[in-house]
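Okay, structure first, notes after.
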Amino acid sequence: MSELHLSLDGEEGAEKSASADMLYMSRRALRNISASVLNMTHLKSLYLEGNEISSLPERFFSSLSSLVWLDVRNNRLTGLPASIGQHRCLKTLLLEGNPISALPPELGHVITLKALSLRKCPLTFPPQDVVGRGLPAILHYLRASQLGEEFPVVEKLRLSELDQSEEDEPEIRRFQELRRRMIQMERAELGSAGDGGTRTPGFRSCRAGSHHET
């Protein structure tokens with residue numbers, strides 16, 4: 001996944017961007033989120049893909065209140081802290097490849113969320129038929145579950161069909177670019193298998209594969 005990460009992040013081995021509002025800590029064999037990270041309250045983008053993190057601190061989302069983009073793909077997360085429901089900036093949440101079986105109902109109150117990646121997460125809550133209907137259906141289901149309401153039939157909406165403000169366009173473009181590159185590499189892997197194991201030049205193995213788009 002390193003080629004995808006570098007092409008999106010633009011810095012190999014760097015932890016901070018020049019603007020100091022991004023932190024890159026992917027594939028560092030991290031097991032925990034340090035207190036120093038939680039003290040970086042100005043962070044807008046945090047990349048933690050490919051580590052061994054099993055849980056996020058309860059104060060993670062309250063401490064990083066400016067966070068817009070969170071990439072925790074391919075870790076060992078089994079859940080998210082309920083405090084995520086109080087967040088009012090998060091737009092993109094990449095959970096792909098984590099053993100999460102249930103999303104917290106509080107996630108339904110993150111009204112800023114525009115993109116959510118859940119591929120290869122063994123979710124049972126919400127059920128898969130709800131997950132397959134897209135992000136609006138997921139958020140509605142989570143909110144309804146807190147109120148004990150029944151979940152109505154909702155037509156599936158794809159990310160590209162949602163109304164987006166001009167302010168959201170950069171985040172959506174980043175999310176769509178991530179999806180495009182994942183699909184491209186997954187197709188390259190499938191092509192390699194069909195050619196008897198010969199790798200397509202310019203691509204490496206990608207554990208994440210293509211994402212679940214909601």
Side-chain angles (χ1 to χ4, degrees), residues 1-110 112-126 138 142 171 174-175 178 182 204-209 211-212:
M1 198 60 175
S2 58
E3 290 166 332
L4 172 60
H5 175 73
L6 292 175
S7 64
L8 290 177
D9 300 345
E11 287 189 69
E12 182 171 6
E15 289 194 357
K16 298 179 183 179
S17 70
S19 61
D21 61 358
M22 298 184 185
L23 182 63
Y24 305 101
M25 301 185 70
S26 295
R27 295 175 296 284
R28 305 290 179 85
L30 300 177
R31 295 186 177 182
N32 300 292
I33 307 295
S34 68
S36 61
V37 172
L38 296 180
N39 290 333
M40 301 176 70
T41 57
H42 58 278
L43 279 182
K44 292 184 178 180
S45 298
L46 179 57
Y47 297 82
L48 294 167
E49 187 268 333
N51 284 297
E52 300 175 10
I53 301 169
S54 58
S55 65
L56 299 179
E58 183 59 37
R59 67 186 185 97
F60 180 88
F61 290 102
S62 58
S63 297
L64 302 179
S65 58
S66 299
L67 207 60
V68 173
W69 179 289
L70 177 60
D71 182 356
V72 287
R73 289 171 294 141
N74 301 313
N75 275 276
R76 299 180 180 178
L77 294 175
T78 56
L80 297 172
S83 60
I84 192 174
Q86 303 300 316
H87 210 281
R88 290 297 174 264
C89 290
L90 190 64
K91 293 182 180 180
T92 300
L93 177 59
L94 306 179
L95 297 173
E96 179 173 324
N98 282 282
I100 296 177
S101 60
L103 296 177
E106 292 80 4
L107 179 62
H109 297 288
V110 183
T112 54
L113 197 63
K114 301 297 181 183
L116 177 64
S117 173
L118 296 171
R119 181 174 165 80
K120 298 183 180 178
C121 295
L123 286 175
T124 57
F125 181 87
I138 292 172
L142 293 173
E171 295 300 321
R174 290 172 67 194
F175 185 75
L178 177 66
M182 284 179 172
R204 297 180 191 170
S205 176
C206 172
R207 287 180 299 163
H211 83 289
H212 175 275

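Everything numeric here is computed off the predicted structure, so don't read it as measured data.
Interatomic distance, Ser63 OG to Ile33 CD1, rounded to the nearest 0.5 Å: 11.5 Å. Rounded to the nearest 0.5 angstrom, Leu118 CG and Leu116 CG are separated by 4.0 Å. The OG atom of Ser55 lies 10.5 Å from the CG atom of Asn75; values are rounded to the nearest 0.5 Å. Atom CG of Asn32 and atom OG of Ser54 lie 6.5 Å apart (nearest 0.5 Å). To the nearest 0.5 Å, atom NE2 of residue His87 and atom OG1 of residue Thr112 are 7.5 Å apart. Between the CE atom of Met22 and the CG atom of Leu46 there is a distance of 11.5 Å, given to the nearest 0.5 Å.
Between the side chain of Asn39 and the backbone N or O of Thr41 there is no donor-acceptor pair closer than 3.5 Å. A side-chain donor-acceptor contact under 3.5 Å links Asn98 to the backbone of Arg76.
Heavy-atom minimum distance, Ile84 versus Pro104: CG2-CG, 4.1 Å. Between Pro81 and Glu58, the shortest heavy-atom distance links the atoms CB-OE1, 3.5 Å. Here the shortest heavy-atom pairing between Arg28 and Asn51 reads N-OD1, 2.8 Å. Looking at every heavy atom in both residues, Pro99 comes nearest to Pro122 through CA-CD, 3.8 Å.
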| request: Begin with the C-alpha distance, continue with both residues' side-chain angles, and end with the deciding distance and a verdict on side chain to side chain contact (heavy atoms under 4.5 Å, CB included) for Val72 and Ile53. | output: CA-CA 9 Å; Val72 287; Ile53 301 169; 5.7 Å; no
| query | Run the side chain to side chain contact (heavy atoms under 4.5 Å, CB included) check on Leu142 and Leu103 step by step: do they pass? | reply | CA-CA 8 Å; Leu142 293 173; Leu103 296 177; 4.3 Å; yes
| request: Please assess Val37 against Leu23 for the test side chain to side chain contact (heavy atoms under 4.5 Å, CB included), listing each intermediate value before the final yes or no. | output: CA-CA 9 Å; Val37 172; Leu23 182 63; 4.0 Å; yes
| task | Apply side chain to side chain contact (heavy atoms under 4.5 Å, CB included) to Leu93 and Leu80, showing your working. | result | CA-CA 11 Å; Leu93 177 59; Leu80 297 172; 4.1 Å; yes
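Around CD of Glu52, the count of heavy atoms belonging to other residues, nucleotides or ligands within 6.0 Å exceeds 12. Within a 6.0 Å radius of CZ in Arg31, other residues, nucleotides and ligands contribute 12 heavy atoms or fewer.
Below 30°, between 30° and 60°, or above 60°: for Trp69 and Tyr47 the angle between ring planes is between 30° and 60°, a tilted geometry.
Between Leu95 and Ile100 the shortest side-chain heavy-atom distance falls below 4.5 Å. Using a 4.5 Å cut-off on side-chain heavy atoms (C-beta onward), Tyr24 and Ser45 make no contact. Counting heavy atoms from C-beta on, the side chains of Leu123 and Ser101 never come closer than 4.5 Å.
No salt bridge links Lys120 with Glu96; every basic N to acidic carboxylate O contact stays at or beyond 4.0 Å.
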